[in-house]
J.: 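Sending over a structure as structure tokens; questions will come in a sec.
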Amino acid sequence: MPSKTKTTTVFELSQFGKIEKRERNIPELAANEVVVKMHAASLNYRDYLITTGAYSKNLPLPVVPLSDGAGEVVEVGSSVTRFKKGDRVMPIFMQAWISGRLNKDAAKSALGGSIDGVLQNEGVFPAESLVSIPSHLSFEEAATLPCAALTAWNAMFEHGCVQAGNTVLALGTGGVSIFALQLAKAAGAEVIITSSSAEKLDRAKLLGADFCVNYRDNPDWDKTILQQYKDGVDHIIEVGGAGTLDRSLNTVRLGGHISAIGLLAQGQFDATKLLMKSIRLQGIFVGSREMFQRMNRAIEFHKIKPVIDRVFSVDQVQEALDTLKSGSHFGKIVLKF
Ligand SMILES: NC(=O)c1ccc[n+]([C@@H]2O[C@H](COP(=O)([O-])OP(=O)(O)OC[C@H]3O[C@@H](n4cnc5c(N)ncnc54)[C@H](OP(=O)(O)O)[C@@H]3O)[C@@H](O)[C@H]2O)c1
């Protein structure tokens with residue numbers, strides 16, 4: 001007798017701006033795959049761009065959105081040895097980037113963009129594209145790690161070489177920057193944070209931020225930082241892009257490092273400073289599974305707890321995306337299944 005086809009509830013981006021709840025068949029499990037029952041997901045700025053069509057108008061629709069989730073293995077393929085039923089796991093952001101340098105195939109394998117993401121009750125993933133959840137974290141906390149935390153980790157400790165005693169500047173108080181603050185403090189660095197909100201800067205201080213600047217009240221934030229750190233800052237987590245890069249180039253020390261991560265602000269920058277200050281400007285695109293595993297060891301060792309701003313139910317995904325767009329959050333926005 002043929003086995004009964006199993007179905008699961010998914011949230012599909014059927015057209016830009018429209019996310020619909022549907023039932024879909026769970027595909028037959030290949031030998032190397034596992035089924036993960038998702039318990040939580042988290043939002044990244046990329047998810048807002050993707051779901052509105054601002055990321056690319058050419059994405060194949062429908063697609064299951066969101067890259068970051070955490071759940072529990074409920075079924076394993078016949079050749080899987082890395083995981084067993086009941087294991088707590090997170091799918092990696094780029095499913096095909098296991099180790100080494102980023103390549104074309106890996107770059108095309110990001111969840112919730114060109115391939116289905118995690119906004120589904122049960123998802124099928126290759127076992128090699130999952131990592132274990134650090135033991136002290138809940139599903140909600142773990143769901144924040146795959147993109148934002150790994151991007152900050154890769155920037156500072158894989159491509160960058162942040163060490164104890166260095167200075168790190170992180171722009172704003174979104175997901176990437178708050179992880180940068182927590183990870184840099186754990187490594188013994190001195191951390192500078194900017195924000196448009198005095199209240200958010202107070203929260204950053206509670207997390208250990210050493211020097212805070214309100215970039216809304218103080219548009220010349222680069223000058224303020226240089227008054228305090230006369231030689232400039234060793235490493236910058238640059239989430240603003242062209243609109244903040246010129247001031248970041250003013251703020252970085254000679255021979256320092258800027259991780260080019262985000263594109264939140266429009267503007268222009270003077271490339272001359274790149275060479276005259278002999279700095280390294282490194283583009284970062286999240287990270288590989290091996291980087292994720294190294295980061296998880298640090299998170300587990302230092303018992304770092306991700307900062308969650310708000311938890312929504314998965315049915316409130318649109319409200320959660322609107323909250324992300326408003327910029328009112330500090331840290332991460334999470335969805336609970
Ligand atoms: N390259 C990668 O692999 C990668 C990975 C993750 C994210 N990103 C990108 O990095 C950026 C941040 O992502 P996220 O997930 O952390 O976003 P997020 O959680 O939405 O955080 C955005 C925060 O950035 C701050 N901000 C906005 N405009 C700013 C400006 N002009 N100057 C300084 N800070 C500003 C605001 O902080 P305040 O409210 O405190 O002012 C805002 O809350 C996005 O462009 C995202 O697409 C890239």
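Counting starts at 1 for both ligands and their atoms, following the listed order. Quick note: numbers below take in every heavy atom, side chains included, and nothing from hydrogens, waters or symmetry partners. For reference, positions follow the sequence shown, starting with 1.
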J.: Using the side chain to side chain contact (heavy atoms under 4.5 Å, CB included) criterion, which residues pair with Glu190? Sequence neighbours excluded.
T.: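 Only Thr167, Asp210, Tyr229 meet the side chain to side chain contact (heavy atoms under 4.5 Å, CB included) criterion with Glu190.
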
J.: Using ring pair (Phe, Tyr, Trp, His ring centres under 6.0 Å) as the criterion, list what pairs up with Phe83, not counting sequence neighbours.
T.: none

J.: I'd like the contact residues of ligand 1, where contact means a heavy atom below 4.0 Å.
T.: Tyr45, Cys147, Thr151, Gly172, Thr173, Gly174, Gly175, Val176, Ser195, Ser196, Lys200, Tyr215, Val239, Thr244, Ile261, Gly262, Leu263, Leu264, Ala265, Ile284, Phe285, Val286, Leu324, Gly327, His329

J.: Would you mind reporting whether Leu201 and Ile193 have side-chain heavy atoms less than 4.5 Å apart?
T.: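 Answer yes - side chains close enough.
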
J.: Treating Ile, Leu, Val, Met, Phe, Trp and Tyr as nodes and any side-chain heavy-atom pair under 4.5 angstrom as an edge, say whether Leu66 and Phe179 lie in one connected cluster.
T.: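 Cluster IDs for Leu66 and Phe179 match.
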
J.: Under the ring pair (Phe, Tyr, Trp, His ring centres under 6.0 Å) definition, can you give me all pairs with a residue in residues 5-41, not counting sequence neighbours?
T.: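 Passing the test, one end in residues 5-41: His39-Phe139.
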
J.: So do the side chains of Ser197 and Thr173 get within less than 4.5 Å of each other, counting heavy atoms only?
T.: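 Ser197 vs Thr173: side chains apart.
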
